[in-house]
Each structure stands twice: as C-alpha cells, then as structure tokens.
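Structure, as structure tokens:
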Amino acid sequence: MSASAVFVLDLKGKPLISRNYKGDASMAEIDHFMPLLMQKEEEGALTPLLTHGKVHFLWIKHTNLYLVATTMKNANASLVYSFLYKVVEVFSEYFKELEEESIRDNFVVIYELLDELMDFGFPQTTDSKILQEYITQQGNKLETGKSHVPPTVTNAVSWRSEGIKYKKNEVFIDVIESVNLLVNTNGSVLLSEIVGTIKLKTFLSGMPELRLGLNDRMLFELTGRGKNKSVELEDVKFHQCVRLSRFDNDRTISFIPPDGDFELMSYRLNTQVKPLIWIESVIEKFSHSRVEIMVKAKGQFKKQSVANGVEISVPVPSDADSPKFKTSVGSAKYMPEKNIVIWSIKSFPGGKEFLMRAHFGLPSVEKEEVEGRPPIAVRFEIPYFTVSGIQVRYMKIIEKSGYQALPWVRYITQSGDYQLRTQ
C-alpha cells in the first residue's frame with residue numbers, strides 16, 4: 001500500500017492521532033491536508049484524493065472525523081480506501097461510537113491497534129474479532145517474548161481460533177433485504193432496488209466447513225433446473241472466509257466461519273418492486289386559515305404477512321399550528337422542528353387499508369412563495385418474508401468429529417430509502 005501515515009483529524013484541523021510508519025511524508029506536509037481540503041471544498045472541486053506537492057492524501061469522513069492515508073508513490077487506491085473503511089469498522093467494534101471524544105479517550109488502545117493494523121505501510125491483521133483476543137479494551141500492551149500471539153495471526157484461517165468448543169452446536173442465518181423505492185407523483189416507480197445481506201451467528205465446535213446453497217439463477221442454469229423459483233444476484237460481496245474460486249467454478253458458497261456474529265455476504269437486485277406499502281395523500285387548504293391532510297396507506301404484500309413498526313412521515317407546511325389527528329389505527333404525532341407528522345402503526349397486516357386525517361391551522365396571511373413539498377417517507381419491517389424470493393435451500397456442516405448441528409433460518413424485509421412523492 002505504501003501509505004506513509006494514517007491519522008485522524010477533527011473538523012478544526014487539529015491532529016488527534018498521528019502515526020508515522022517509516023514513511024516518506026513529513027508531518028509538515030501532512031499539516032497541509034485540512035487547508036487543502038477546505039480550499040477545494042470552497043472551489044467546489046473536492047475529490048476523494050487530494051495532492052499537495054509530491055504527497056497524495058486519500059481520505060474518508062466518518063461522523064466528525066477525517067481518516068487520511070498519505071503516500072508519495074503510485075499506490076493502489078482501492079486497497080487504501082478498503083483499509084481506511086476497515087479501520088473505521090475495527091474502531092467502531094472497540095468503542096461502539098467512533099467520534100472525536102472516543103479517539104481522545106482511547107489513545108493507548110488506538111496506538112496498539114494501529115501497530116497491528118499496519119506495518120511499514122502494509123495492512124496486517126484487520127479482523128476485529130482476532131484483534132480483541134490480544135488487544136483489550138483496557139489497553140494492556142504486549143510484551144515481546146512473553147505474550148502469546150494467537151495462532152490465528154499466522155494461520156491460513158486467520159479469522160477463526162482453534163480449539164473452540166460448544167455443548168450445543170447451532171447456526172443462525174438471517175436473510176435481511178432492504179427495499180429502496182422512489183415513486184413519482186403520478187404513481188410511476190422511478191427507482192427500485194433490493195439490497196440484501198446474509199448474516200450468520202455460529203456456535204460451532206472445532207474447525208467446521210460450511211456449504212450454503214441458495215436458489216441462485218446461475219446455479220440453477222448450471223444444474224439444468226428451471227428458473228421459476230430462482231433469483232439473479234448482482235454485486236455479490238463475500239466475507240473473506242468464502243472460497244471465491246469454488247464459487248466461481250460451481251456457485252457453491254463454501255467457507256470456514258468466524259466464531260459468533262459476522263456478515264457472510266451482501267447482494268443487490270435491480271428489479272421492479274411493487275410498493276409494499278402504498279401511500280395516497282390529499283391536501284386541502286380552506287380560506288388560507290386551515291389545512292387538512294388525508295393519508296391512505298395500503299399493504300400490498302401477501303395477507304399472511306404483517307409489517308411491524310410502521311412509521312409514515314408526512315410533510316406539513318412550515319407555518320402550520322394547532323394540530324388535530326384522527327386515525328383508523330395507530331397514533332399520529334406532530335414534530336414541528338422537522339415539519340412532519342409521524343403516523344405510527346405497530347402492526348400492519350398485508351391487504352389492509354388504513355386512514356389518517358390531520359387538521360392544522362394556518363396564519364391568516366398566506367405565504368407568497370410556494371413551498372416545495374418533500375416526499376412521504378415510510379419505515380417498516382416484515383418478518384418471515386423476502387421481496388426477491390431468495391431462499392436458503394440447504395446448509396451443510398462438515399467437521400472431522402462428525403457432530404450434528406441444526407441451522408435456523410430467518411427472513412426479514414425492511415425499508416431502506418423508501419419515498420413516495422405527492423402532489
């Protein structure tokens with residue numbers, strides 16, 4: 001990677017952490033980053049890579065922090081950015097919230113983590129589960145020659161420790177799909193996609209090999225099966241434990257899993273999704289002194305399913321006051337600081353239709369300018385249901401001791417960026 005430094009800056013440009021790894025960029029050169037970034041931002045020419053003299057700054061922003069890698073060579077940019085996002089992931093695992101305060105409060109642990117994450121400009125151990133085995137939250141330093149370095153650091157399987165034992169061997173599989181949807185005022189779907197993740201929680205003894213089978217369309221084509229109940233996965237991204245060569249050859253997802261929670265894979269489907277919760281909204285103004293908003297919500301998914309924790313955010317005029325609500329189900333709450341009404345429905349069965357009426361007073365003098373009306377946003381979660389139709393066909397667990405373990409599968413569909421424009 002040949003990155004000479006990894007450092008974190010607050011928004012005021014003061015270095016919070018600065019760590020040089022035998023690099024060739026001096027601290028004086030590094031100090032040019034924040035002024036350069038602000039200059040480019042003012043010019044409207046801000047890019048993920050900034051250059052000052054011979055030094056290249058590759059940076060990302062997380063909350064109120066900038067994480068920056070510097071190099072004076074023609075480095076592999078994708079590797080640098082992957083490393084920076086991995087640093088964010090590791091720090092977040094350790095400190096829960098990665099922000100300026102957590103950086104200041106954990107100097108010792110962060111210096112130890114940076115020592116293990118990178119050496120001489122090259123990424124090393126970046127798996128947070130393995131790092132937590134020998135770098136504790138208390139920041140106990142390793143003593144050379146005395147401390148035991150976990151074998152996972154040098155093993156071919158660096159993400160799993162040896163000698164793991166459980167009385168009851170189990171695997172929990174969560175297939176979670178988020179629906180991103182944008183509907184125009186005339187009811188036509190402008191944007192529609194499904195972003196899915198498959199998460200595992202493993203409690204397995206030894207060093208098992210797992211094989212996961214999905215109703216993948218390419219697999220069905222290879223084996224001569226029909227396409228009716230298959231799905232075409234796009235932009236598939238795997239955890240490092242998956243044998244990519246095996247997947248490329250016969251679409252088999254084969255892996256030795258990390259212990260505990262991890263995300264096995266993610267995928268995306270660009271497909272025309274029927275809006276699961278359809279919203280119709282009518283707004284009426286009366287003599288410039290009051291306004292009524294009627295919202296109708298309909299569940300357009302199968303009747304056997306139920307959407308939980310539904311929240312429908314309805315925009316209202318910024319000068320509205322004296323709210324009154326009437327709902328056929330659930331409750332409505334006015335949030336004047338955001339100029340929205342949130343209609344909350346705990347349980348929304350498929351095929352059902354509900355109404356909400358909101359009444360607001362308006363100032364006697366009508367605003368001259370016409371306010372652009374933001375879209376209605378919807379949040380929900382539907383358990384035991386997937387939009388894409390993806391299915392876990394099998395999970396084989398192979399371990400030399402020959403124990404039996406049952407996989408448990410759960411499907412969840414939830415809202416992502418789900419918006420419906422209204423007139």
Side-chain angles (χ1 to χ4, degrees), residues 1-9 15-34 36-37 40-41 45-63 65-94 98 103 110-131 135 152-159 197 234-248 255 258 262-268:
M1 177 172 151
S2 298
S4 60
V6 175
F7 57 101
V8 185
L9 299 152
L16 298 178
I17 293 289
S18 180
R19 188 74 169 177
N20 214 312
Y21 292 93
K22 306 295 186 294
D24 43 14
S26 67
M27 285 305 300
E29 291 167 321
I30 289 171
D31 288 340
H32 285 101
F33 171 72
M34 284 306 295
L36 182 63
L37 182 136
K40 293 290 185 183
E41 194 169 22
L46 192 58
T47 59
L49 190 152
L50 302 174
T51 302
H52 182 270
K54 295 182 179 180
V55 181
H56 305 292
F57 300 98
L58 296 90
W59 63 279
I60 62 171
K61 186 180 179 183
H62 181 81
T63 59
L65 300 171
Y66 289 99
L67 286 85
V68 189
T70 68
T71 180
M72 296 178 73
K73 299 178 181 178
N74 186 16
N76 183 339
S78 60
L79 176 60
V80 176
Y81 287 116
S82 295
F83 176 77
L84 290 177
Y85 281 110
K86 198 69 182 176
V87 168
V88 170
E89 184 181 321
V90 170
F91 285 2
S92 299
E93 285 281 337
Y94 267 81
L98 178 57
I103 294 291
I110 286 174
Y111 279 129
E112 289 188 28
L113 287 171
L114 291 177
D115 277 333
E116 298 300 327
L117 286 164
M118 178 179 281
D119 199 13
F120 291 95
F122 292 93
Q124 302 296 316
T125 305
T126 58
D127 191 291
S128 59
K129 291 184 182 294
I130 302 304
L131 288 166
I135 297 181
T152 48
V153 175
T154 54
N155 272 2
V157 183
S158 62
W159 53 86
T197 58
E234 302 174 24
D235 294 344
V236 181
K237 179 184 176 184
F238 289 110
H239 186 276
Q240 61 175 325
C241 66
V242 175
R243 296 185 176 95
L244 296 181
S245 58
R246 180 79 186 269
F247 181 77
D248 290 339
F255 57 99
F262 71 102
E263 184 178 299
L264 176 68
M265 62 178 286
S266 62
Y267 59 89
R268 182 177 59 85

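The structure presented is a predicted model; accordingly, all values stated were derived computationally and were not measured.
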Margin query: Determine whether a donor-acceptor pair (N or O, by modelled atom type, separation under 3.5 Å) exists between the side chain of Thr125 and the backbone of Leu131.
Written below: no
Note to self: For His56 versus Lys73, what's the shortest heavy-atom pair and its separation?
What the structure shows: CD2-O, 3.8 Å
Notebook entry, point to check: Taking C-beta and beyond as the side chain, do Leu84 and Val68 meet within less than 4.5 Å on heavy atoms?
Noted result: no
Notebook entry, point to check: What's the spacing between Asp115 CG and Ile110 CD1 if we round to 0.5 Å?
Noted result: 12.0 Å
Check: How long is the gap from CD on Glu112 to CD1 on Ile135, to the nearest 0.5 Å?
Finding: 5.5 Å
Check: Is the shortest heavy-atom distance from the side chain of Met265 to the side chain of Val236 under 4.5 Å?
Finding: yes
Margin query: Quick check: closest heavy atoms across Thr51 and Leu36, and the distance to 0.1 Å?
Written below: O-CD2, 3.6 Å
Checklist line | Trp59 side chain to Thr70 backbone, donor-acceptor under 3.5 Å | finding: no
Notebook entry, point to check: Would a 4.5 Å heavy-atom cut-off, applied to side chains only, mark Met118 and Leu114 as touching?
Noted result: no
Notebook entry, point to check: Which heavy-atom pair separates Gln124 from Glu116 by the least distance, and what is that distance?
Noted result: CB-O, 3.1 Å
Check: At their closest point, which heavy atom of Leu37 faces which heavy atom of Leu46, and how far apart are they?
Finding: O-CD1, 3.8 Å
Notebook entry, point to check: According to the interplanar angle, ranging from 0 to 90°, do the rings of Phe33 and Phe57 count as parallel (below 30°), tilted (30 to 60°) or perpendicular (above 60°)?
Noted result: tilted
Check: So do Thr71 and Val80 actually touch side chain to side chain, heavy atoms under 4.5 Å?
Finding: no
Next item on the list: Could you check if a side-chain atom of Asp235 sits within less than 4.5 angstrom of a side-chain atom of Ser266, using non-hydrogen atoms only?
Entry: no
Margin query: Which residues pass the side chain to side chain contact (heavy atoms under 4.5 Å, CB included) test with Lys86, not counting sequence neighbours?
Written below: Glu89, Thr126
Check: Checking Tyr81 side chain against Pro48 main chain: does a donor-acceptor pair fall under 3.5 Å?
Finding: yes
Next item on the list: With rounding to the nearest 0.5 Å, note down the distance linking NE2 in His62 to CG in Leu67.
Entry: 8.0 Å
Next item on the list: Return the minimal non-hydrogen interatomic distance between Phe255 and Val242, and the atom names on each side.
Entry: CB-CA, 3.8 Å
Item checked: Phe83 vs Asn76 side-chain heavy atoms within contact, under 4.5 Å -> no
Notebook entry, point to check: In terms of heavy-atom contacts, does CG of Asp248 have more than 12 from other residues, nucleotides or ligands at under 6.0 Å?
Noted result: yes
Next item on the list: Quick one: closest heavy-atom pair of His239 and Glu263, and the distance?
Entry: CB-O, 3.4 Å
